[in-house]
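Below is one structure, written out as C-alpha cells; the observations come after it.
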Amino acid sequence: YQARDLPPGDSDGLTDAYVKIRFRGQKEKTKVASTTTAPLFYETLQFPNEMLPKDARYGPDVVVQVWDSDTLSSNSPTALLHLPLADCQLLANESSPAPRPTWRALSDINGDPISASLLSSAGLIRKRDINDKLERPADITPSMRQAFVEVTIVGVRQLKGFYGATIGAPSSPYVRGDIAAPNDGD
C-alpha cells in the first residue's frame with residue numbers, strides 16, 4: 001500500500017522508493033515512487049506456485065525490502081521487514097477480501113530499528129492444485145477525491161542546509177511539505 005518516514009536515499013533528503021519482496025528464491029517488486037519519503041504503491045505482488053507447510057509456523061519468512069532507485073549509481077536498500085508466514089492471514093479463496101492493512105515497523109538493512117513503517121497486508125490463498133491459475137487481483141487503490149489544501153507557514157527557525165552529494169557544499173535550506181495519504185493513521 002504505502003510507506004512513511006523512509007530514510008533519505010538521495011542528496012536532496014528524499015528517496016526514489018520501490019519495494020522488493022523475496023520469498024522462497026523468487027522476487028517481485030513494485031514500481032518506483034519518486035522523490036518522496038512517504039511513497040504510495042497500491043500494488044499487489046503475488047507468488048502463485050508455492051508449496052507451503054500446513055502449519056505456517058514452519059514456513060519461511062516473507063522478506064520485504066525498501067530500495068532507493070538511482071540512475072547514475074547502483075540501487076541501494078534502505079529498509080527491511082521480515083514478515084513471518086504465520087502472520088499472513090489464511091484466505092478461503094482468491095475472491096476473499098484482502099486482509100486489512102496494518103502499519104509494520106521497518107528496520108534498517110542491518111536489522112536496527114528506524115522510525116519508518118510500511119502499510120501492508122499479506123494473505124495466503126488456498127489452492128486445490130499447485131498449478132491452479134489465480135485471477136488478476138482486485139485493485140487496492142482507495143477511492144480519491146479532489147480537495148483544496150492550504151498550508152500557511154509563519155516561520156521556520158534553526159533550519160540547516162544539507163550537503164549535496166555532487167557539489168560537496170551546503171545547499172540552501174528550504175521547507176517541503178507532503179500531504180498525508182488517505183487513512184495513513186496521522
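Since the model is a prediction, treat every value here as computed from it, not as a measurement.
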**Message:** Within the supplied structure, the quantity of interest is the number of heavy atoms (other residues, nucleotides, ligands) at a distance under 6.0 Å from K29 NZ; does it exceed 12?
**Reply:** no
**Prompt:** Taking all atoms of both residues into account, what is the closest heavy-atom pair of R24 and P60, and its distance?
**Reply:** CG-CG, 3.6 Å
**Message:** I'd like to know whether T35 forms a side chain to side chain contact (heavy atoms under 4.5 Å, CB included) with D16, so could you lay out the CA-CA distance, the side-chain angles of the two residues, the decisive distance to 0.1 Å, and finally the verdict.
**Reply:** CA-CA 5 Å; T35 61; D16 303 314; 3.8 Å; yes
**N93 to I125 - nearest heavy-atom pair and separation** = C-CG2, 3.7 Å
**Prompt:** Counting N and O atoms only, with roles assigned by atom type, does the side chain of T78 sit under 3.5 Å from a partner on the main chain of P7, one being a donor and the other an acceptor?
**Reply:** no
**Message:** Assigning hydrophobic clusters by single linkage (Ile, Leu, Val, Met, Phe, Trp, Tyr; side-chain heavy-atom cutoff under 4.5 Å), is Y18 placed with Y1?
**Reply:** no
**Side-chain heavy atoms of S107 within contact of D112, under 4.5 Å** = no
**Exam field: side chain D10 to backbone D12, donor-acceptor pair closer than 3.5 Å** = no
**Fill in**
Shortest non-hydrogen pair, T37 vs G13, comes out as CG2-O, 3.7 Å
**Prompt:** Taking C-beta and beyond as the side chain, do L6 and P39 meet within less than 4.5 Å on heavy atoms?
**Reply:** yes
**Prompt:** Can you get from V63 to V19 by hopping between Ile, Leu, Val, Met, Phe, Trp and Tyr side chains that sit under 4.5 Å apart?
**Reply:** no
**Exercise: identify the closest heavy-atom pair between A79 and L106** = CB-CD1, 3.8 Å
**Message:** I'd like to know if the side chain of D108 and the backbone of N110 have a donor-acceptor N/O pair within less than 3.5 Å.
**Reply:** yes
**Message:** Does Y42 form a side chain to side chain contact (heavy atoms under 4.5 Å, CB included) with Q2? I'd like the steps, not just the answer.
**Reply:** CA-CA 7 Å; Y42 300 124; Q2 56 185 285; 3.4 Å; yes
**Message:** I need the minimum non-hydrogen distance between V66 and A17, along with the two atoms involved.
**Reply:** CG1-CB, 4.1 Å
**Prompt:** So which heavy atom on L118 is nearest to which on A3, and how close?
**Reply:** CD1-CB, 3.9 Å
**Request:** Let me see the working for L83 and C88 under side chain to side chain contact (heavy atoms under 4.5 Å, CB included), right down to the final yes or no.
**Result:** CA-CA 8 Å; L83 181 62; C88 300; 4.1 Å; yes
**Request:** Drop me the distance from D61's CG to H82's NE2, to the nearest 0.5 angstrom.
**Result:** 6.5 Å
**Message:** Quick check: is L90 connected to L52 through a chain of hydrophobic side chains (ILVMFWY, heavy atoms under 4.5 Å apart)?
**Reply:** yes
**Asked** Can you get from V62 to F41 by hopping between Ile, Leu, Val, Met, Phe, Trp and Tyr side chains that sit under 4.5 Å apart?
**Response** yes
**Request:** Treating Ile, Leu, Val, Met, Phe, Trp and Tyr as nodes and any side-chain heavy-atom pair under 4.5 angstrom as an edge, say whether L81 and L124 lie in one connected cluster.
**Result:** yes
**Asked** Can you check whether P99 reaches L91 side chain to side chain, under 4.5 Å on heavy atoms?
**Response** yes
**Prompt:** Going by atom types alone, do D68 and T15 pair a side-chain donor with an acceptor below 3.5 Å?
**Reply:** yes
**Message:** Would the distance check show the side chain of E28 and the main-chain N or O of F47 forming a donor-acceptor pair, the cut-off being under 3.5 Å?
**Reply:** no
**Asked** Given T36 and L14, is the side chain to side chain contact (heavy atoms under 4.5 Å, CB included) satisfied, shown in steps?
**Response** CA-CA 5 Å; T36 182; L14 302 172; 5.7 Å; no
